[in-house]
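Here's the structure, in structure tokens; my notes come after.
Residue numbers start from 1 in every chain, and the chains themselves are labelled A, B, ... in the order their sequence lines are given, proteins ahead of strands.
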Protein chains: 2
Amino acid sequence: MYMSGSPIHRPPAPGALSERALHLFRLLVERYIAEGQPVGSRTLAREANLTLSPATIRNVMADLEDMGLIHAPHTSAGRVPTVLGYRLFVDSVMTMRVPSAEVVERIHGDLQHEADVQKLLHKTSDMLSEITKLASVVMIPRVEQRALRQVEFLPLSDNRVLAILIVNEQEVQNRIIHTARAYSASELEQAANYLNQAFAGRDLMQVREGLLREMARNRAELDRHMQAAIEMAEKALVAEKSGDEYVVSGQTNLMAINDLSNIEKLRQIFEAFNQKRDILHLLDQAVNAHGVQIFIGEESGYEVLNDYSVVTAPYGSEDKVIGVLGVIGPTRMPYERVVPLVDLTAKVLGAALKTLT
Amino acid sequence: MYMSGSPIHRPPAPGALSERALHLFRLLVERYIAEGQPVGSRTLAREANLTLSPATIRNVMADLEDMGLIHAPHTSAGRVPTVLGYRLFVDSVMTMRVPSAEVVERIHGDLQHEADVQKLLHKTSDMLSEITKLASVVMIPRVEQRALRQVEFLPLSDNRVLAILIVNEQEVQNRIIHTARAYSASELEQAANYLNQAFAGRDLMQVREGLLREMARNRAELDRHMQAAIEMAEKALVAEKSGDEYVVSGQTNLMAINDLSNIEKLRQIFEAFNQKRDILHLLDQAVNAHGVQIFIGEESGYEVLNDYSVVTAPYGSEDKVIGVLGVIGPTRMPYERVVPLVDLTAKVLGAALKTLT
DNA sequence: ATTTAGCACTCCGCCCCGGCGAGTGCAAAA
DNA sequence: TTTTGCACTCGCCGGGGCGGAGTGCTAAAT
């Protein structure tokens with residue numbers, strides 16, 4: 001199946017609809033989200049406080065359908081929101097439902113006392129998926145400013161050296177590097193000392209540049225252990241980050257949603273989680289958004305995410321965004337509840353990370 | 001659903017069956033594994049080189065059914081192997097199919113040049129699931145003999161200390177420990193020095209015991225940095241291992257198997273993968289087996305694994321078993337092909353790990 | 001001009017039915 | 001012991017009928 005050829009339109013301004021139409025629209029979407037079944041004029045008439053006959057409702061619904069907000073799966077079924085309809089709903093119609101006090105407490109409690117960053121991220125993801133009953137994703141913080149705190153080198157066998165970089169007071173990175181020749185323990189120690197003296201506290205990128213400058217000088221002038229230090233550091237810094245770009249939890253929640261029991265579709269999204277490509281790109285997009293961002297169905301631009309919605313929020317401290325988290329579920333998800341939850345979780349995670357620095 | 005009340009019987013000795021019956025049984029199982037549909041007397045008659053009428057086959061099949069080896073889903077369907085049938089098949093009937101040269105090469109190639117242990121395990125799991133088209137599990141090596149090579153302590157803020165243990169030439173473990181008071185960098189250095197001198201090369205358990213002995217002496221006699229060293233080491237050693245007990249890949253392969261498109265069952269097994277409890281226990285059981293071990297359906301003893309089979313093999317060097325790997329798939333899996341693959345993979349992984357030590 | 005009632009119509013989901021195909025078990029013949 | 005023949009049992013599939021839900025349209029009511 002191709003992606004819908006028609007570009008995704010902006011929904012009509014809420015002012016373009018009569019008060020009544022808007023009200024009914026809202027009811028319809030809420031009802032559909034709650035029940036999961038196409039809702040008809042009869043049901044809607046009962047639901048609305050307005051005393052109107054189903055026939056009147058039908059007229060309104062026909063209008064809504066003309067505007068592309070709702071859609072009838074077949075001649076004689078009720079109506080279901082379209083992507084455009086959901087868009088209008090989340091943008092201008094819905095009223096957030098603030099999380100209950102217990103949930104708020106839960107979120108704070110879970111994330112407060114966790115010293116290890118990795119574990120904190122896992123906990124966050126687990127918690128978020130649990131309270132939303134959806135799949136959740138937490139991006140690993142991409143700290144662009146990584147201050148080198150300390151370096152240690154330890155010789156291993158076969159011209160290999162274990163480099164330990166301590167970054168940002170917290171994070172420890174181990175890298176095994178292969179060197180041209182074997183270095184003795186004392187050489188390595190000297191190299192480490194040199195690097196620590198020269199570069200401790202600097203940003204990793206600065207370190208890199210500094211090293212390159214050193215090398216630009218006449219190599220011959222450098223004494224042995226400087227050379228060693230540089231070789232080490234170069235190799236250690238070049239090593240790319242581990243492929244773990246984000247953490248996922250609650251994938252199984254998606255299987256429990258009968259909405260899309262289409263097994264092949266499920267398989268595809270699970271693959272997407274594993275592949276970490278499309279999902280990561282999507283999260284990257286959301287990194288620049290100011291607050292919560294919602295991708296509905298095809299809006300994401302990724303085929304696998306058709307029929308799914310993604311709600312994301314960047315997290316960090318103040319205006320420094322360092323990562324994104326979010327949930328993934330069926331387009332028919334309780335946005336009113338989910339959006340504030342994602343928002344809050346992002347804020348609390350940001351705060352928790354800040355205290356760790 | 002309860003677990004079958006009847007205990008799992010041993011299958012009849014292959015001698016208990018006539019040559020012919022055994023032959024037909026083998027054909028039936030092979031056919032069923034290949035096609036996934038109950039196989040009837042007619043099909044079997046065609047398949048067998050013996051020139052026998054379907055009626056004769058039927059008699060034989062009736063016998064096999066009496067023995068509990070096969071079973072008819074309903075009156076007029078063909079027969080399907082029972083758990084007992086599979087047992088007999090894998091124990092005494094099937095002939096292993098050796099992996100093709102390309103596959104063998106692939107396995108060696110993939111695992112040869114990977115220096116990082118964690119990555120190696122991931123690669124192994126990925127590869128195994130890919131070539132078997134099943135889900136695969138690789139247990140993290142539980143090195144009972146962990147020789148301490150070096151210790152480093154680095155002060156962090158707030159009475160926290162980062163302990164870096166280098167174990168077994170390769171493995172690096174970082175632990176953040178909370179201490180009763182703040183220690184200065186030099187104190188920590190002295191503590192590390194002490195520990196390194198006293199315990200480098202020893203097994204972690206020995207270190208533990210040694211420390212306890214030290215503490216048994218009159219505490220007052222110990223000078224400050226010894227105390228510090230002991231406090232550090234105690235905390236660092238006590239810290240439990242991270243919860244990552246094994247690596248899983250190819251879970252999505254299970255979804256593609258129409259055999260069990262029962263979505264709820266799938267959900268449960270995915271949960272089991274995440275939970276890492278039942279699966280881990282099962283792997284632990286297999287750690288003591290000499291070679292490949294096969295758990296068919298309910299044999300595993302874990303409800304979630306009904307309808308699934310697990311093929312495991314311990315890996316390590318010589319008689320030192322350090323871990324287990326395996327695959328999980330439907331009971332109807334191509335054992336002839338899978339068993340040798342699991343076996344080979346375990347051997348190659350063991351070898352690869354050995355070169356890393 | 002809007003709302004309502006009435007009505008014909010459409011379409012899905014469900015159940016029931018009958019036919020077909022596959023396969024069985026049994027008894028009698030080879 | 002094997003085969004043939006036969007009655008029987010199911011599962012699967014397609015068709016037909018039916019009820020329910022909901023629609024759109026038109027004409028009447030407000």
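Nearest-nucleotide assignment on DNA chain D puts the 5′-proximal partner with B:R20, out of B:H74 and B:R20.
A:F89 pairs by the ring-ring contact (aromatic ring centres under 6.0 Å, His included) definition with nothing, not counting sequence neighbours.
Residues from residues 48-64 of chain B placing a heavy atom under 4.0 Å of any atom in DNA chain D, listed by number, are B:T51, B:L52, B:S53, B:A55, B:T56, B:R58, B:N59. Taken residue by residue, residues 30-43 of chain B places no heavy atom nearer than 4.0 Å to DNA chain D.
At the heavy-atom level, B:T75 lies under 4.0 Å from the strands shown only through sugar-phosphate atoms.
A distance-only check finds no donor-acceptor pair linking the side chain of B:Y335 to the backbone of B:Y86 [under 3.5 Å]. Judged by distance alone, with hydrogens and angles left aside, the side-chain atoms of A:T82 form a donor-acceptor pair with the main-chain N or O of A:L69 at under 3.5 Å. Put simply, the side chain of B:T43 never gets that close to the backbone of B:V39: no donor and acceptor are under 3.5 Å apart. For the pair A:E65 (side chain) and A:A62 (backbone), a donor-acceptor distance under 3.5 Å is absent. Panel note: side chain B:T331, backbone B:Y308; no donor-acceptor pair is recorded below 3.5 Å. For the pair A:K133 (side chain) and A:N253 (backbone), a donor-acceptor distance under 3.5 Å is absent. The closest donor-acceptor contact from the side chain of B:T56 to the backbone of B:L52 lies at 3.5 Å or more, if one exists at all.
Crowding of A:E19 atom CD: a count of heavy atoms from other residues, nucleotides or ligands under 6.0 Å not exceeding 12. Other residues, nucleotides and ligands contribute more than 12 heavy atoms inside 6.0 Å of the CG atom of B:D66.
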What does the list of N/O pairs under 3.5 Å between the protein and nucleotides 14-20 of chain C look like, with a distance for each?
none

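Donor-acceptor pairing under 3.5 Å is recorded for the side chains of A:S125 and A:S136.
Note that the first and last nucleotides of DNA chain D, 5' to 3', having any atom under 4.0 angstrom from a heavy atom of chain B are D:dT2 to D:dG11.
A:D307 and A:K265 make their closest contact through OD2-CE, 3.4 Å (heavy atoms, listed as atom of the first residue, atom of the second, distance).
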Which donor-acceptor pairs under 3.5 Å do the side chains of residues 22-35 of chain B make with protein atoms, sequence neighbours left out?
{"from": "B:R26", "atom 1": "NE", "to": "B:E30", "atom 2": "OE2", "distance (Å)": "3.3"}
{"from": "B:R26", "atom 1": "NH2", "to": "B:V93", "atom 2": "O", "distance (Å)": "3.4"}
{"from": "B:R31", "atom 1": "NH1", "to": "B:E47", "atom 2": "OE1", "distance (Å)": "3.0"}

